[in-house]
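Heads up, the thing below is written out as structure tokens.
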Amino acid sequence: EQLAPDEIDADLPFLDMGVSSLVLVDAFRVLHERFGVRPSMRRVFEEFGTIARLSEYLADLARRAPAEAAARAVPPPEATLPLTDAQRHVYFLARYSDEASAAWNESAVLKIPGALDRARLRSAWAKILERHEALRLHISPEEEVQEISAEAAAALDEVDLSAPGTDAAAWLADETGRAFELGRGLVRARLARLGPQEHLFVLVAHALVVDRRSIGRILSELGALYAGRSLPPAPTFREFVGAGEARAASVAAARSERFWVEPFASGIPAFELPADRPRPAVKSYRGRRLVTKVDGTVVDRLRSMSRERGATLNMTMMAAYALLLSRLTGQDDVVVGGSGSLDPEGDPGLVAGRMNPLALRTEVDGKLTFGAWLDRLRGRLLEAYDHQTYPFASLVRALDPKRDQSRSAIFVTSFDVQPPFETPDFGDIRGEFFAAPIRYARYDFDLLVVDAGGALQLQCDYATDLFLPGTVRRWLAT
């Protein structure tokens, strides 16, 4: 919600305004673009949590900032680019098998009711492909470089599922679970006709070129272009690659490496959730998705506690999740995969795989009250956000864990909170999201909390080689 300047209380804490860490990341990006400053997430939360205090902090940063910011290294406008560290890591995992590759698919399903102009939608999709270089990438397997195609090959294909007896759910599971040929296109879009006034738009893209936030951006732009609204020019993928190369060569990168490597100086702790079945010697990636809603009363309590402790909902839910893992395993030493960004100050209009896993190692103290435990974890998370651009791939390389084909490296369970996606506005039509089915999972247990405005939805992807559906339902109900 936008407020007029005279409606804003400069001394009211951000958290009382409903501001989350994700909102602050966007605000920090704008501050960096306009003033060349890089605020610390930890210091903003702990010392400068109001607009009045933040303005003092920013003024101090501006005074101490160099007169000229270092130029961002942008590769020349060539069609061939090197793979980023993050892409190289995902590419290594995806080449293992079709199942492993499919586990790295990102997908979204949009139900579109009403009279849809299919030709206009095809035209809007073609413009999306023209706008975003990442959607025209393919990987060269010989040289491990990526090439930007001049022309888009992922046309919007149509399929008719309206005939009686057609199993639309099975078709959808096949579509979202089908592996890409990595040397060819890494995105596909399908328009499925369920009836005269009902369609499904299905978008599937590989994590080599997109992340969840990019998926939301693509669908928002698709609606805008369908409705005839104009859009500003999109940032280029090659700028993203160049910024990452410059960041990796900076002094800050060395500090971030120490931050992530030091917690594992004594080794990577063995972590094993209590499984229903023995772990196979070789990971199959077979998985399922279970979706459930959080009771409204519980949501209110979570939001209230977050405000009281000066934490975001993400932090509070992460604290609860770490406690659950500790109780399930009987282990105090817990490593959870969190979610950061390789380019938190980048243009929000960029489509790319910017999401960066964060290997968060924590010591859970069961003697603490939940509030005290949240306070401790909050401090660790704020420090982590200040170092979130260090690629997880670089951490794997630095730690060099023993190769184990039965499990993922460093952590086997992950957690993230997804902010509300803006419902795509097609003008006279509004789409409706629903959770896409999966057949393959990246980790043993991956919990995504989807913030749908006032409600919360738990979306759990889990390894079916290890867990039964009933076990997962029981854990989520805890």
Side-chain angles (χ1 to χ4, degrees), residues 18-23 103 105-113 169 172-173 176-177 200-204 207 210-220 287-307 311-325 328 336-339 355 413-425 430-464 467-478:
V19 172
S20 69
S21 54
L22 292 171
V23 171
N105 285 357
E106 295 283 358
S107 57
V109 181
L110 194 65
K111 190 173 184 178
I112 307 176
L172 185 58
T176 58
L200 291 181
F201 180 82
V202 182
L203 174 61
V204 187
V210 302
D211 54 22
R212 280 193 293 266
R213 197 166 187 176
S214 292
I215 292 286
R217 164 64 58 174
I218 291 168
L219 294 175
S220 177
R288 285 185 62 184
R289 173 169 290 165
L290 193 152
V291 179
T292 185
K293 290 184 178 180
V294 181
D295 180 78
T297 304
V298 176
V299 174
D300 291 341
R301 288 167 54 194
L302 288 169
R303 294 189 189 278
S304 176
M305 171 164 279
S306 299
R307 288 191 296 270
T312 64
L313 181 64
N314 187 344
M315 296 171 182
T316 304
M317 296 289 285
M318 171 69 94
Y321 187 57
L323 275 179
L324 172 64
L325 295 176
L328 289 174
V336 180
S339 179
M355 187 176 291
T413 179
S414 67
F415 174 87
D416 194 14
V417 173
Q418 176 181 293
F421 273 163
E422 178 185 349
T423 303
D425 181 2
R430 276 215 174 256
E432 177 186 348
F433 288 110
F434 67 88
I438 65 162
R439 288 186 171 168
Y440 306 102
R442 297 175 195 177
Y443 306 111
D444 292 358
F445 199 84
D446 179 3
L447 184 61
L448 176 67
V449 181
V450 180
D451 189 346
L456 294 181
Q457 182 188 82
L458 300 181
Q459 185 173 294
C460 179
D461 297 352
Y462 64 95
T464 52
F467 308 113
L468 297 172
T471 298
V472 176
R473 288 194 189 92
R474 187 172 64 253
W475 289 352
L476 295 184
T478 301

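Fair warning: this is a prediction, and the values are worked out from it, not measured in the lab.
The minimum heavy-atom distance linking Gly338 with Met318 is given by the pair CA-CE, 4.1 Å. Considering every non-hydrogen atom in both Phe433 and Thr423, the closest pair reads CE1-CA, 4.4 Å. Gly177 approaches Tyr440 most closely through the heavy-atom pair O-CE1, 3.5 Å. Across all their heavy atoms, Ala436 and Val109 have their closest contact at CB-CG2, 3.6 Å. The minimum heavy-atom distance linking Ala463 with Ala441 is given by the pair N-CB, 4.5 Å.
Shown here are the side-chain contact (heavy atoms from CB on, under 4.5 Å) partners of Thr316, two or more places apart in sequence or in another chain: Leu302, Ser306, Ala311, Phe370, Leu374. Here Asp211 pairs with nothing under the salt bridge (charged side-chain N to carboxylate O under 4.0 Å, His left out) rule; sequence neighbours left out. Evaluation of the side-chain hydrogen bond (donor to acceptor under 3.5 Å, both in side chains) rule for Thr471 yields Asp276 as partners, not counting sequence neighbours. Annotation: side-chain contact (heavy atoms from CB on, under 4.5 Å) contacts of Val299 (sequence neighbours excluded): Val294, Arg303, Leu456. The salt bridge (charged side-chain N to carboxylate O under 4.0 Å, His left out) test applied to Arg430 returns Asp425, not counting sequence neighbours. When the salt bridge (charged side-chain N to carboxylate O under 4.0 Å, His left out) test is applied to Asp416, the partners found at least two apart in sequence or on another chain are Arg212. By the side-chain hydrogen bond (donor to acceptor under 3.5 Å, both in side chains) test, Ser107 is found to be paired with no residue, residues two or more places apart in sequence or in another chain being considered. Taking the ring-ring contact (aromatic ring centres under 6.0 Å, His included) definition, one finds that Phe415 meets it with Tyr321, sequence neighbours left out. Under the side-chain contact (heavy atoms from CB on, under 4.5 Å) criterion, Asp300 pairs with no residue, sequence neighbours left out. Residues passing the side-chain contact (heavy atoms from CB on, under 4.5 Å) test with Arg473, sequence neighbours excluded: Leu290, Pro469. With sequence neighbours left out, Glu106 forms a side-chain hydrogen bond (donor to acceptor under 3.5 Å, both in side chains) with Arg442. Here Lys293 pairs with nothing under the salt bridge (charged side-chain N to carboxylate O under 4.0 Å, His left out) rule; sequence neighbours left out.
To the nearest 0.5 Å, atoms CZ (Arg307) and CG (Leu313) are separated by 10.5 Å. In this structure, Leu447 CG and Gln459 CD are separated by 9.5 Å, a value rounded to the nearest 0.5 Å. Taking CZ from Phe434 and CG from Leu200, the interatomic distance works out to 5.0 Å, rounded to the nearest 0.5 Å. How far CG of Leu448 is from CG of Asp461: 8.0 Å, rounded to the nearest 0.5 Å. Here the CG-CG distance, from Asn314 to Asp451, works out to 10.0 Å after rounding to the nearest 0.5 Å.
In this structure, the side chain of Ser414 does not engage the main chain of Asp446 through any donor-acceptor pair within 3.5 Å.
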Evaluation steps, side-chain contact (heavy atoms from CB on, under 4.5 Å), between Ile438 and Thr176 = CA-CA 7 Å; Ile438 65 162; Thr176 58; 5.7 Å; no
